[in-house]
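What follows is a single structure, written as structure tokens, with notes after it.
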Amino acid sequence: MEENEYTQQRRRNLADIAALGFPSYPAGYRRTHSVSQIVTAYGAYPGDELEAAAVTVRVPGRIQAINLMGKAAFIRFTDGAAMLQAYLRKNDLPEQEWLLLKRLDLGDFIGVAGRLFRTKTGELSVHVEQLTFLTKAIIPPPDKHYGLHDIELRYRRRYADLIANCDVRAVFVKRAQIIQAIRRFFDARGYLEVETPMLHPIASGATARPFVTHHNALDMPLYARIAPELYLKRLIVGGFEKVYEINRNFRNEGLSTRHNPEFTMLEFYEAYATYEDLMTLTEELLTEVVAQTCASDTITYGEVTISFARPWRRLTMQEAIVAHWPTADPPTIAELDDLAGVNRALERLKLPMAPHLGYGQRLGELFEHVAEPNLIQPTFITRFPTELSPLARHADDNPNFVDRFELFIGGMECANAFTELNDPDEQRRRFEQQLAERARGDDEAMPLDEDFIRALAYGMPPTAGEGVGIDRLVMLLTNQRSIRDVILFPHLRPENATPEALPATAP
RNA sequence: GGGCCGUUAGCUCAGUCGGUAGAGCAACUGGCUUUUAACCAGUGGGUCGCAGGUUCGAGUCCUGCACGGCUCACCA
């Protein structure tokens, strides 16, 4: 920790406070109210009624401002959510407590006991009869007017960010409300919330590079999970018909405004449902979450306005490519049905493709470039190539496509769902195709999970499942452009990468 | 990994053509018994991210590095 003239001055103040006979870091404070409770209960109370009611309170908080005026003082303090003013007069306080006041600094915690009143300018205040010292802030808080703007400091010292910027606090309060609303939605529909392993012996269930660690006692590698999918489906095999899990996934890949190495995912599975049922369910889920956490069904995200009014647009991947083609002569859907046509389309847009990639990857690439950034209003994209979907059931009319959708909002992928593949033999063939791609050098192809195939062989009822990226949903509903602004402690490089500071390397 | 931009007091930011390092808030001293971005008078505070280079002289120009931001690539 850095020491400077400020910290030294504050340490002297703390020593002076101790010399006055106050405990330096006392335990607890018996309070009658929080600041927020007082402001909520009495904020609109007229002054004369307050006086008549003679409300006495004991309330703690962090000091935000001190106006010392000779023999009287005002202290504004906060519980993090609301602010309240204390009025102290030399005549009305024990001498020691008046001396204590002069050793208080911005950022300190105090408790005040006294009677509520309104000043002549009308501000609700506590007329303090007892001042209690609670905690010294050795490091001064950020500037009270300009806040903390330095983005790096805001992420590295989120505590200081939260002290200084109440809009940041509001984002994380809303994040909690969104997740609560999701839980209520699924609980009310008879879904069981479950917890499946975070450490997996095989990193499967998604196409992504994993983080690897080592279990010492078992002397084996373990992977931080990239997806809970295969475990949740094992639970469907086991007889739970509706399950959901909200938890972290870990992917060892690049960082960006939309990617953090650990991110929060909702996954849910419902027996006897199809991906079409889940489109309806997803509309219901998100409209309900928006209704409970936003002022209306229309939100502002950056430059755009997004309406969650149902029904939402539904397009096949091929239709989306045609609809958002950048020039006036898009390819036809029939043209996009085979490799040659997709190659012609890629060539027209001058999108280079690695030679080993097949039809599915190329169609997906075309979609990502042409359509994805333009899917601002909630849009379901259906009919994904089978090659891109090793865990999804094929469409009844064409085995080259699967019964799958992704939901796009604000140009971001927010959900991914499909009718689950429950044929163990077909699942094995799909895994083997992935292994072949892995052998060709695609280190993100999905590894084969033998026990998962065995589970399917016990019989998994027809099932549909879905994943929803919670961080991106929170970004949309709180109008934040970076995923780091909806994650309390986003990943950054260490600020001082000294060798001593790094943990010893595991053998 | 590439490109562009940034890093100056505790915080927010200026700093012109290369010529003694600036402001507001915060801090310190004094004054002030209903202030509210309190006010009045005064004072102190700098490894200009780090390391080199050019120059009589570098916050400013050049090179390298670190960290961060945006973006592209990668990646659901």
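To find a chain, count down the sequence lines: A is the first, B the second, and so on, and within it residues start at 1.
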Tell me what [X] touches on the nucleic acid: a base, only sugar-phosphate, or nothing, going by heavy atoms under 4.0 Å.
{"X": "A:D150", "result": "sugar-phosphate"}
{"X": "A:A65", "result": "nothing"}
{"X": "A:S256", "result": "nothing"}
{"X": "A:R118", "result": "nothing"}
{"X": "A:L492", "result": "sugar-phosphate"}
{"X": "A:K120", "result": "base"}
{"X": "A:R258", "result": "nothing"}
{"X": "A:R481", "result": "nothing"}
{"X": "A:G147", "result": "sugar-phosphate"}

Determine whether the side chains of [X] and [Y] contain a donor N or O and an acceptor N or O closer than 3.5 Å.
{"X": "A:T463", "Y": "A:E270", "value": "no"}
{"X": "A:H127", "Y": "A:D92", "value": "yes"}
{"X": "A:E3", "Y": "A:T7", "value": "yes"}

side-chain N/O [X] vs [N] OP1/OP2, d < 4.0 Å:
{"X": "A:R154", "N": "B:U12", "answer": "no"}
{"X": "A:R209", "N": "B:C74", "answer": "no"}
{"X": "A:H149", "N": "B:C13", "answer": "yes"}
{"X": "A:R10", "N": "B:G10", "answer": "no"}
{"X": "A:R493", "N": "B:C67", "answer": "yes"}
{"X": "A:Q9", "N": "B:C28", "answer": "yes"}
{"X": "A:R76", "N": "B:A38", "answer": "yes"}

Between [atom2] of [N] and [atom1] of [X], the distance in whole Å:
{"X": "A:M83", "N": "B:A37", "atom1": "CE", "atom2": "C1'", "value": "11 Å"}
{"X": "A:Q8", "N": "B:A9", "atom1": "CD", "atom2": "P", "value": "18 Å"}
{"X": "A:I66", "N": "B:C28", "atom1": "CD1", "atom2": "C1'", "value": "14 Å"}
{"X": "A:L84", "N": "B:U35", "atom1": "CG", "atom2": "P", "value": "17 Å"}
{"X": "A:R484", "N": "B:U71", "atom1": "CZ", "atom2": "C1'", "value": "12 Å"}
{"X": "A:L104", "N": "B:A27", "atom1": "CG", "atom2": "P", "value": "12 Å"}
{"X": "A:H259", "N": "B:U71", "atom1": "NE2", "atom2": "C1'", "value": "15 Å"}

Considering Watson-Crick and G-U wobble pairs with both distances under 3.5 Å, what does [N] pair with?
{"N": "B:G1", "result": "B:C72"}
{"N": "B:G45", "result": "none"}
{"N": "B:G22", "result": "B:C13"}
{"N": "B:G6", "result": "B:C67"}
{"N": "B:C61", "result": "B:G53"}

What's the gap between [N] and [M] when it is taken at their [atom1] atoms, as a whole Å value?
{"N": "B:G2", "M": "B:U47", "atom1": "P", "answer": "32 Å"}
{"N": "B:C50", "M": "B:U12", "atom1": "C1'", "answer": "24 Å"}
{"N": "B:A21", "M": "B:U8", "atom1": "C1'", "answer": "9 Å"}
{"N": "B:G6", "M": "B:C48", "atom1": "C1'", "answer": "14 Å"}
{"N": "B:G45", "M": "B:U55", "atom1": "C1'", "answer": "31 Å"}
{"N": "B:A66", "M": "B:G49", "atom1": "C1'", "answer": "8 Å"}
{"N": "B:A14", "M": "B:G1", "atom1": "P", "answer": "30 Å"}
{"N": "B:C61", "M": "B:G68", "atom1": "C1'", "answer": "24 Å"}

The side chain of [X] lies closest to which of these nucleotides: [options]?
{"X": "A:E5", "options": "B:G69, B:G45, B:C25", "answer": "B:G45"}
{"X": "A:N67", "options": "B:C70, B:A27, B:U35", "answer": "B:U35"}
{"X": "A:Y6", "options": "B:C11, B:G44, B:U35", "answer": "B:G44"}
{"X": "A:S482", "options": "B:C70, B:G68, B:U34", "answer": "B:C70"}
{"X": "A:R156", "options": "B:U35, B:C28, B:G68", "answer": "B:G68"}
{"X": "A:Y146", "options": "B:A37, B:U33, B:C11", "answer": "B:A37"}

For a quick check, tell me whether the side chain of A:E152 and the base of B:U7 share a donor-acceptor pair closer than 3.5 Å. no
Side-chain donor/acceptor contact of A:H145 with base of B:C25 under 3.5 Å: no
Taking the basic N atoms (NZ, or NE/NH1/NH2) and the acidic carboxylate oxygens, is any pair closer than 4.0 Å for [X] and [Y]?
{"X": "A:D108", "Y": "A:R62", "answer": "no"}
{"X": "A:D485", "Y": "A:R154", "answer": "yes"}
{"X": "A:R175", "Y": "A:D471", "answer": "yes"}
{"X": "A:R118", "Y": "A:E123", "answer": "no"}

Determine if A:F74 stacks with B:U35; use a centre-to-centre distance below 5.5 Å and an interplanar angle below 30° as the criteria. yes
Apply the salt bridge (charged side-chain N to carboxylate O under 4.0 Å, His left out) test between A:R225 and each candidate in A:E262, A:E245, A:E267; give the one that qualifies. A:E245
Want to settle it: does A:N13 or A:A208 sit nearer the 5' end of RNA chain B, counting the closest nucleotide to each? A:N13
5' priority, RNA chain B, between A:N4 and A:I151 [closest heavy atom]: A:N4
Check A:D16 against A:R103 and note the closest heavy-atom contact, atom names and distance. OD2-NE, 2.9 Å
